[in-house]
Novice: 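Here it is, the structure in full.
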Amino acid sequence: MKDHDLSFDEFDEINNPRPEECDFDRVVESAISRRGFLSVLAVGTATFLTGTSALTGRADAAADRFGFAQVAANGNDDITLPQGFTSSPVVNWGDPLWSDAPEFDWSVRGTAEQQKMAFGDNNDGMSIMTVGDKTVLVINQEYTNRDIANAHRESKLPETDDDVLKGMLAHGVTIVEIAETDSGWGVVKDSPLNRRITPQTEMDITGPAAGHDLLKTAADATGTKTLGTWNNCANGETPWGTYLACEENFNGYFRSADKDMEVPAALKRYGVGVDDWGYAWAQIDDRFDISKTPNEPNRAGYVVEIDPSDPTSTPKKRTALGRFKHENADVVINKDGKVVVYMGDDERGEFLYRYVSNGVYSAGGSTDDLLVDGTLYAAVFSDDGRGKWAELSEAATGMSAAEIAVHSRIAGSKVGATTMDRPEWVTSNPNKAEVYVALTNNKNRGIKPNKGGDETPVGGPNPRAENKYGQIVRWMPDNEDHTAEGFDWNIFVLAGNPAVHSDDKAGTPNVNAGNMFNSPDGIAFDSKGILWIQTDGNYKNEGDFEGHGNNQMLAADPETGEIRRFLVGPVSCEITGLSFSPDRKTMFVGVQHPGEKGFASHWPFGGDTVPRSGVVAIKRDDGGVIG
């Protein structure tokens, strides 16, 4: 496999291999059987088992609750939806946002000049937001498929400076006004709200790490200003109208001209090494060369707050929310008015985090300090269905507040946080005090420690060794108080393949041959309290994944545990990003990296066209409310 075909996880495995761990033999030996798995699952999960025991005979109730008939898994190069629903494209990689910008160039996949005025690549988390009477799409542009973007080059990699810059400008965030006409939803070109935020956009650094020596560089001696955001995975939004972009695999963009450089342990913990992921940004910008700017990686890996209503506003990196491979940021206003933000660190064996503000939110009041002044915690799960939030304090970690903000993973290790199976999206139920996290998979569970040397034993919320399929875990804070130290937890679903396996790999009872899936990633609730599950997993449709088909989106009822497949995406894509129009009659869904790793996709335009990530609008044919 060529380097540019590697996923970020595969890249990290090769360039920063975890140490082997011989003491895990006892853990692997105790890996649970199907019977043992169910008995362990029963501890603290009575609600789940009671709900799913009533699945038989509930088809009519499910139809009423979900409002659609399940679609079958498939490998089609298209969007598959239930009868009565239709999708249409809204915007795709390379579409111009202004009328004086050139159209997408199919032959060379655009130039840097074209890309800076166009929709970026590989869209991920997104929000539909209202600014005055305008509908605005704010969306992450996570990364680029280098072999697709540079298909006109023999190497399938960026070769010229313009190639490199084009790839750089395809990253970041896009803010674009959209509107619905008789022909469907589309971009409002030349809207004063349209904006591209890229790795070259000036940003403020705020919070406990601002001004610290770890963040100072020759270009910014104050440690309070930085350029850009990239590899933004999922997102969040605040009740005061701002968007939270979450920096994930920032490490893959740094390299060293000195291949003999001894990379500091603190950078290795985050996957920074002497080689990059093939983007070659250091070719045009020295800040991505760690032999010249060793502090630059410390200025990436944060949650970035953006005001979509003001195109002149400066985005702010919120270091109080920690530095790690952020997946998303789920914001909850607690009953006492404090702002609580739940976040996952999407890497094998890393942690789940919570931030609690010191101040309280009041509609119309000042929000300046709500994501600046607060406390960060990491989750500790016990096998008995209980858990607690361990404060990442100076007393508990021996680290300063700034060091905790910059080296949050190290702080989490010091307080004994539970190593998780790649925490992806976190989402809170709008109807009750409970929160869900998608743990997408972890082939190293029970085999290797994480990069910090923390063990990854089988048990608790991570009950399977060499976890191929993933699971969704939920927790309920004590006294319905999101600031409480303790919580109860249970497993909502273990994904699996009951058509192939009869042990724990078959999944929980709410997974069957008709709705099976792997690698839950994006999760979000709609206004009716339905949990939507999006997948980013194995789509080869063979072996352990036979019958799974392409990546998909499912709907789940949190009260009964029932799960139903709603959508199947095109070839080798990820389904990611979910939001709704203000009237809830349109569902917006993202399709990322169709045609990756050499799989033949021509979505969305068919024929011999190049695959292009993008957003689709889904509507009911009867014009009814969808979410």
Novice: Which atom pair, heavy atoms only, marks the closest approach of R195 to D310?
Specialist: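 Heavy atoms only, the tightest pair is NH1-O, 3.7 Å.
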Novice: For residues 163-179, which residue pairs pass the side chain to side chain donor-acceptor pair (under 3.5 Å) check, not counting sequence neighbours?
Specialist: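 Counting only pairs at least two positions apart or across chains, the side chain to side chain donor-acceptor pair (under 3.5 Å) contacts touching residues 163-179 are Q141-T174, R153-D163, T160-D163, H171-Y253, T174-R196, E177-S191.
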Novice: Could you check if a side-chain atom of Y469 sits within less than 4.5 angstrom of a side-chain atom of H548, using non-hydrogen atoms only?
Specialist: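 Side-chain contact under 4.5 Å: yes.
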Novice: Given K317, which of E247, E305, E202 fulfils the salt bridge (charged side-chain N to carboxylate O under 4.0 Å, His left out) condition?
Specialist: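 Output: one option passes, namely E247.
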Novice: Less than 6.0 angstrom separating the ring centers of F580 and W532, yes or no?
Specialist: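 No, the ring of F580 stays outside the 6.0 Å limit from the ring of W532, centre to centre.
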Novice: Residues two or more places apart in sequence or in another chain: which of them pass salt bridge (Lys or Arg N to Asp or Glu O under 4.0 Å) with D345?
Specialist: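 D345 satisfies salt bridge (Lys or Arg N to Asp or Glu O under 4.0 Å) with R409 once adjacent residues are dropped.
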Novice: More than 12 heavy atoms of other residues, nucleotides or ligands under 6.0 Å from NZ of K116: yes or no?
Specialist: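 No, the 6.0 Å shell around NZ holds no more than 12 heavy atoms from other groups.
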Novice: Can you tell whether the side chains of R422 and E248 come within less than 4.0 Å, N to carboxylate O?
Specialist: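 Result for this pair is no, no salt bridge flagged.
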Novice: Below 4.0 angstrom, N of the basic side chain to O of the carboxylate: do K325 and D346 qualify?
Specialist: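 No.
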Novice: Only counting residues at least two apart or in another chain, list the ones meeting side chain to side chain donor-acceptor pair (under 3.5 Å) with Q283.
Specialist: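 By the side chain to side chain donor-acceptor pair (under 3.5 Å) rule, Q283 matches D161.
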Novice: Can we say D289 and R255 salt-bridge, meaning some charged N sits less than 4.0 Å from an Asp/Glu carboxylate O?
Specialist: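 Salt bridge flag = no for R255 with D289.
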Novice: Are any non-hydrogen side-chain atoms of N251 and N249 less than 4.5 angstrom apart?
Specialist: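 N251 vs N249: side chains touch.
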Novice: Is it true that the side chains of N441 and S519 contain a donor and an acceptor less than 3.5 Å apart?
Specialist: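 Indeed, the side chains of N441 and S519 share at least one donor-acceptor pair under 3.5 Å.
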Novice: Could you name each residue pair satisfying side chain to side chain donor-acceptor pair (under 3.5 Å) that touches residues 598-608, not counting sequence neighbours?
Specialist: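 Pairs touching residues 598-608 that pass the test: D77-S601.
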Novice: Any heavy-atom pair between the side chains of R269 and E350 that's under 4.5 Å?
Specialist: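 Result yes, sub-4.5 Å side-chain heavy-atom pair found.
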Novice: Which residue pairs pass the ring pair (Phe, Tyr, Trp, His ring centres under 6.0 Å) test with at least one member in residues 71-101, sequence neighbours excluded?
Specialist: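 Non-adjacent pairs meeting ring pair (Phe, Tyr, Trp, His ring centres under 6.0 Å): F85-F566, W93-F104.
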Novice: Is the closest basic N to carboxylate O distance between D275 and K259 below 4.0 Å?
Specialist: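 Looking at D275 and K259, the cut-off is met.
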Novice: Between the side chains of Y539 and E596, does any donor sit under 3.5 Å from an acceptor?
Specialist: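 Yes, because at least one side-chain N or O of Y539 sits under 3.5 Å from a partner of the opposite role on E596.
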Novice: Between N541 (side chain) and G547 (backbone), is there a donor-acceptor pair under 3.5 Å?
Specialist: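 A pair under 3.5 Å: yes.
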Novice: Excluding sequence neighbours, so at least two apart, what forms ring-ring contact (aromatic ring centres under 6.0 Å, His included) with F250?
Specialist: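 If we apply the ring-ring contact (aromatic ring centres under 6.0 Å, His included) test to F250, skipping adjacent residues, there are no hits.
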Novice: More than 12 foreign heavy atoms under 6.0 Å from NZ of K468: is that the case here?
Specialist: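 At most 12 heavy atoms, drawn from other residues, nucleotides or ligands, come within 6.0 Å of this atom.
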